[in-house]
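In what follows, every chain begins at residue 1, and chains take the letters A, B, ... in the order their sequences are listed.
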Amino acid sequence: MRRLNLNTPFLHLILPLLTGLGLGLVYSWFISPVTYVDANPALLRADFKDQYRIVIAAAYASTRDLARARARLDLLGETDPIAQLSAQAQRMLAAGESFEQARPLAQLATDLSQGFASAPSTDTPLPAFNTPETNPTPTITETSEIEPESLEEPTSTPPPTLSFDQTPLVPVTAETSAPRPTFTPTPGPGAPFALVGQETVCDPAQPGLMQFMLLDSRHRQAAGVEIIVTWNQGEDRFFTGFKPELGDGYADFIMQANTVYNIRIVTGGSYVPNVTAPSCVDPNGLSYIGGLLLTFQQP
Amino acid sequence: MPSSNLIKIAIALIVGIVLGLMYGWVIDPIEYTDITPNILREDYRTDYVLMVAESYQHDFDSEAAARRLAILGSESPATITASALEYANRNDFTRDEIQALQNLLTAMQTYQPMNNP
């Protein structure tokens, strides 16, 4: 057996070098690793990102500043922030949280997908039409202060009070003493949805899929409408708009064969009983459970 | 062992340690991916507090605001808001934003956590 030669370069140079390298790595990785003190939101843990999204959506519900909400979501470094918002809203509902808590997330997802800020879901007080016809000074002051902001953010929707504050600048004549509302009336949130279409969808990739499409009176898709589906063994509740990639008024539900479903649109109390999955036949002659597309619309 | 060899060993050891430190601190440092919000950079923290303030302007829910601020650290919600307000004043935030932070600060200064039974 050969004896270890203590005078070899291995012992004098390489072994101490490797030992030092190991000591340095242990110190820099475990004993005193790099510490972050100025981190960005993209590094947040998943549950903190969820909280961050909730706060972004809550702030958006207050400011209706869609560009800013989008910029804030970008800080989280996600490839599809809309999908993340929708998924989180679904998770919250699945966890038993109320729709009111999930609504800001769904609303923000919907607005981001459609590209503009929709009307707030909560009722806002109507502005007073018989504003004082004199004393225009406060109006001029407010206008001069608000104009720079509107130039910076052209996409933001000005609060309705601005337009009414500007009206005293127009000379008021005696004929206009009886003011009339100039806003376009919109259907009330409680107007009932009626079933206007029921189509069988034969798609082997989506057997038993019951699809809902809810439209308001202007044929625009209506998000946030609660739908209740009941059957003899249970009940399911869900809302439109949680899959914005399929439409703001879209929702779906998986049907089982030989089961009778009753559908209730909570808004307005529309009720559609005795809905069953249709039967479809594929090109090979085999039958499978078909789907349905139900279209509801407000009058 | 001759002293010259000891010197060689010491030098090699030191060089190894330096290389190890460089690799561990500079070339391939530990990367954090699941951080907590308390180490967010100050501007991000302030923007978070501003979001809480903006939502408070909407719902006036002190409980929710305090709960949302609590994830930023162990300091009191009022202290966190005061720090954000100070940052906002130093960095020319808009008057509305500063007012929102001021309103939140006032709310947090008077906020009393609900006692759990």
Any residue of residues 70-79 of chain A which, by heavy atoms, sits under 4.5 Å from chain B: R72(A), L75(A)
Identify which of T63(A), L18(A), V26(A), L17(A) forms the greatest number of heavy-atom pairs closer than 4.5 Å to chain B. L17(A)
CD1 of I9(B) to CG of L15(A): how many Å apart, nearest 0.5 Å? 8.0 Å
At a heavy-atom distance under 4.5 Å, which candidate from A59(A), P16(A), G24(A) has the highest pair count against chain B? P16(A)
All heavy atoms of W29(A) vs all of D28(B), minimum pair found to be NE1-O, 3.0 Å
Heaviest contributor of heavy-atom pairs below 4.5 Å to chain B, chosen from S32(A), P104(A), A46(A), is S32(A)
Return the CZ to CG distance between F48(A) and L40(B), rounded to the nearest 0.5 Å. 10.0 Å
Do M22(B) and L21(A) touch side chain to side chain, with heavy atoms closer than 4.5 Å? no
I need the residue from L50(B), I71(B), D47(B), V52(B) with the largest number of non-hydrogen atom pairs under 4.5 Å to chain A. D47(B)
Check whether any side-chain heavy atom of N40(A) lies under 4.5 Å from a side-chain heavy atom of R41(B), and answer yes or no. no
Between Y52(A) and R68(B), does a side-chain contact (heavy atoms from CB on, under 4.5 Å) hold up when you go through it step by step? CA-CA 9 Å; Y52(A) 208 93; R68(B) 287 165 175 167; over 6 Å; no
Contact origin within D59(B) toward chain A - heavy atom pairs under 4.5 Å: neither
Grab the two heavy atoms, one from A39(A) and one from Y44(B), that are nearest each other, plus how far apart they are. O-CD1, 3.5 Å
Any I35(B) side-chain heavy atom under 4.5 Å of R45(A) side chain: no
Against chain A, work out which of I17(B), V26(B), L19(B) has the most heavy-atom pairs shorter than 4.5 Å and name it. I17(B)
One option among K8(B), R45(B), M51(B), E54(B) has the most heavy-atom pairs under 4.5 Å with chain A, and it is M51(B)
Return yes if some donor-acceptor pair links the side-chain N/O of W25(B) with the main-chain N/O of L25(A) below 3.5 Å, else return no. no
Sort by residue number and list every residue of residues 73-83 of chain B having at least one heavy atom under 4.5 Å from chain A. none
Should we say atom CZ of F238(A) is surrounded by more than 12 heavy atoms from elsewhere, each under 6.0 Å from it? yes
Has the side chain of S62(A) got a donor or acceptor atom that lies under 3.5 Å from a matching backbone atom of Q57(B)? no
Could you tell me if the side chain of L13(B) sits less than 4.5 Å from the side chain of T19(A), heavy atoms only? yes
Among A69(A), A58(A), A57(A), who wins on heavy-atom pairs under 4.5 Å with chain B? A58(A)
Okay, D43(B) and chain A: the region with an atom under 4.5 Å from a heavy atom over there is neither
Could you tell me which portion of L23(A) (side chain, backbone, both or neither) has an atom closer than 4.5 angstrom to a non-hydrogen atom of chain B? side chain
